[in-house]
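What follows is a short report on a single structure.
Sequence positions, counted from 1, serve as the residue numbers for this chain. Atoms considered below: every heavy atom in the structure, side chains included; atoms not considered: hydrogens, waters and symmetry mates.
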Amino acid sequence: DCLVVYDDASDDGTAERIEPYCDVLVRGTMPLFGDELRSRQRLLESSAHLTSENDFYLWLDADEVLHTSKDELIGICQKLNAEKFDGARLPHINLWRSDYFYRTDDHYDDLYPVRLWRAGADLSFPMKSGLHNEMHPLGMNSIERLTMPSVVHYGFASDRLLEDKFALYQSYGQRGRNLYRLVSEEGRTLEHLNTRADLLGARFDRTIGSNTSEPEIRNQISWLLGASQ
């Protein structure tokens with residue numbers, strides 16, 4: 001019903017393009033990578049006037065897609081309210097070097113972020129910085145874990161995106177396995193989105209990309225050279 005956006009000081013015209021569709025657009029004055037909890041707190045504070053007790057926030061990043069219909073989402077929120085849940089975890093699908101294949105090995109398919117937050121709960125974010133923090137607010141007493149809808153993440157969907165992400169995390173001090181797994185395909189297993197079609201939502205078109213082949217495995221030296229450039 002309402003679109004509330006935090007723009008992290010982008011310089012590519014994103015804010016200008018999205019502004020006509022926003023009920024609230026908060027423009028950051030400088031990038032807050034590694035400090036995202038503060039931007040989420042600003043979103044809560046800036047949108048409180050739009051919400052009522054049984055409304056839900058649905059959190060999506062700009063590189064994520066949800067294929068549900070509005071009716072499906074309303075039904076999910078009504079069920080959560082009826083069963084006295086303050087939030088819900090949704091499955092997270094990490095596309096890998098493709099718009100159609102997602103990665104299932106090395107815990108890439110294990111994430112269930114809390115995507116739905118009941119506005120009537122006592123929501124707030126801790127004022128702490130750092131990478132890999134929980135991205136949902138405090139204050140939810142009961143959280144349901146749902147099997148659908150799945151959120152499709154495009155942040156790893158191309159070689160360039162992965163190389164950029166590796167270089168960015170490295171520049172912020174990330175080291176070790178959590179960093180190098182972004183450019184490792186050892187033991188890689190992929191599945192086509194069609195295998196999750198029933199859990200994606202009514203707006204997913206299973207005919208698109210059905211004949212696409214898996215991307216070829218790339219060796220780590222090639223990955224590291226690409227990231228260094």
Closest approach of [X] to [Y] (non-hydrogen atoms, all atoms of both residues):
X      : Y      : result
Ser10  : Ala15  : OG-N, 4.0 Å
Asp198 : Met148 : O-CE, 4.3 Å
Met127 : Leu37  : CE-O, 4.1 Å
Asn178 : Gln174 : CB-NE2, 3.4 Å
Pro91  : Pro149 : CD-O, 3.4 Å
Asp55  : Leu50  : OD2-O, 4.1 Å

Heavy-atom side-chain contact between [X] and [Y] under 4.5 Å:
X      : Y      : answer
His92  : Glu64  : yes
Arg103 : Phe156 : no
Tyr6   : Arg42  : yes
Leu190 : Pro215 : yes
Phe85  : Leu116 : no

(request) Classify the ring geometry between Tyr57 and Trp117 as parallel (under 30°), tilted (30 to 60°) or perpendicular (over 60°). (result)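 Ring orientation of Tyr57 relative to Trp117: tilted.
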Hydrophobic cluster of [X], others only, ordered by chain and residue number, side-chain cut-off 4.5 Å:
X      : answer
Phe204 : Val65, Ile93, Leu95, Tyr102, Val152, Tyr154, Leu193, Leu200
Tyr21  : Leu3, Val5, Ile18, Leu25
Leu138 : none

For [X], give me all partners under side chain to side chain contact (heavy atoms under 4.5 Å, CB included), at least two apart in sequence or on another chain.
X      : result
Lys70  : Asp1, Ile74
Arg160 : Ser158, Glu163, Asp164
Ser210 : Asn194

(request) Take Trp96 and Glu214, measure what side-chain contact (heavy atoms from CB on, under 4.5 Å) needs, and give me the verdict at the end. (result) CA-CA 9 Å; Trp96 185 262; Glu214 289 187 14; over 6 Å; no
(message) Please list all pairs meeting salt bridge (Lys or Arg N to Asp or Glu O under 4.0 Å) that have one or both residues in residues 85-97, counting only residues at least two apart or in different chains.
(response)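 Sorted result for residues 85-97: Asp86-Arg118, Arg97-Asp159, Arg97-Glu185.
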(request) Any pair with a residue in residues 166-180 that passes salt bridge (Lys or Arg N to Asp or Glu O under 4.0 Å), sequence neighbours left out, goes on the list, sorted by first then second residue, please. (result)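 Applying salt bridge (Lys or Arg N to Asp or Glu O under 4.0 Å) to every pair that reaches into residues 166-180, excluding sequence neighbours, yields Asp106-Arg177.
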(request) Could you tell me whether Arg181 sits above the aromatic face of Tyr108, with NZ or CZ closer than 6.0 angstrom to the six-membered ring centre and within 45 degrees of the axis? (result)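 Yes, cation above the ring, under 6.0 Å and within 45°.
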(message) Go through it in stages, so that I can follow the logic: the residues are Thr14 and Asp12, the test is side chain to side chain donor-acceptor pair (under 3.5 Å), and I'd like the CA-CA distance, side-chain angles, deciding distance and then a yes or no.
(response) CA-CA 6 Å; Thr14 296; Asp12 61 358; 2.6 Å; yes
(request) Would you sort out whether Ser39 and Val26 count as a side-chain contact (heavy atoms from CB on, under 4.5 Å), showing the intermediate values? (result) CA-CA 9 Å; Ser39 61; Val26 180; over 6 Å; no
(message) Between Glu36 and Arg40, does any NZ, NE, NH1 or NH2 come within less than 4.0 Å of an OD or OE carboxylate oxygen?
(response)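 Answer for the salt bridge query: no.
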(message) Salt bridge or not between Asp109 and Arg196? Use side-chain N to carboxylate O under 4.0 Å.
(response)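 Looking at Arg196 together with Asp109, the answer is yes, because their closest N to O distance falls below 4.0 Å.
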(request) Please list all pairs passing the ring-ring contact (aromatic ring centres under 6.0 Å, His included) test where one or both residues lie in residues 209-229, with sequence neighbours left out. (result)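 Not a single pair qualifies under ring-ring contact (aromatic ring centres under 6.0 Å, His included).
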(request) Please confirm whether the backbone N or O of Tyr180 pairs with a side-chain atom of Ser184, one donor and one acceptor, at under 3.5 Å? (result)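 Checking the backbone N and O of Tyr180 against the side chain of Ser184, no donor-acceptor pair under 3.5 Å is found.
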(message) I'd like to check the ring pair (Phe, Tyr, Trp, His ring centres under 6.0 Å) partners of Tyr112; sequence neighbours left out, ordered by chain and number.
(response)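 Partners of Tyr112 under the ring pair (Phe, Tyr, Trp, His ring centres under 6.0 Å) test: none.
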(request) With sequence neighbours excluded, tell me which residues meet salt bridge (charged side-chain N to carboxylate O under 4.0 Å, His left out) with Glu72. (result)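 Glu72 satisfies salt bridge (charged side-chain N to carboxylate O under 4.0 Å, His left out) with no residue once adjacent residues are dropped.
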(request) With sequence neighbours left out, write down each residue that passes salt bridge (charged side-chain N to carboxylate O under 4.0 Å, His left out) with Asp11, or none if nothing qualifies. (result)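 Asp11 satisfies salt bridge (charged side-chain N to carboxylate O under 4.0 Å, His left out) with no other residue.
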(request) Would you sort out whether Arg115 and Leu60 count as a side-chain contact (heavy atoms from CB on, under 4.5 Å), showing the intermediate values? (result) CA-CA 7 Å; Arg115 297 284 184 175; Leu60 288 175; 4.2 Å; yes
(message) Please determine whether side chain to side chain donor-acceptor pair (under 3.5 Å) holds for the pair Ser222 and Arg218, giving the CA-CA distance in whole Å, both sets of side-chain angles, and the decisive distance to 0.1 Å.
(response) CA-CA 7 Å; Ser222 172; Arg218 189 176 168 189; 2.7 Å; yes
(message) With side-chain contact (heavy atoms from CB on, under 4.5 Å) as the criterion, how do Phe56 and Leu73 come out once you've worked through the C-alpha distance, each side chain's angles and the decisive distance to 0.1 Å?
(response) CA-CA 10 Å; Phe56 279 85; Leu73 282 175; over 6 Å; no
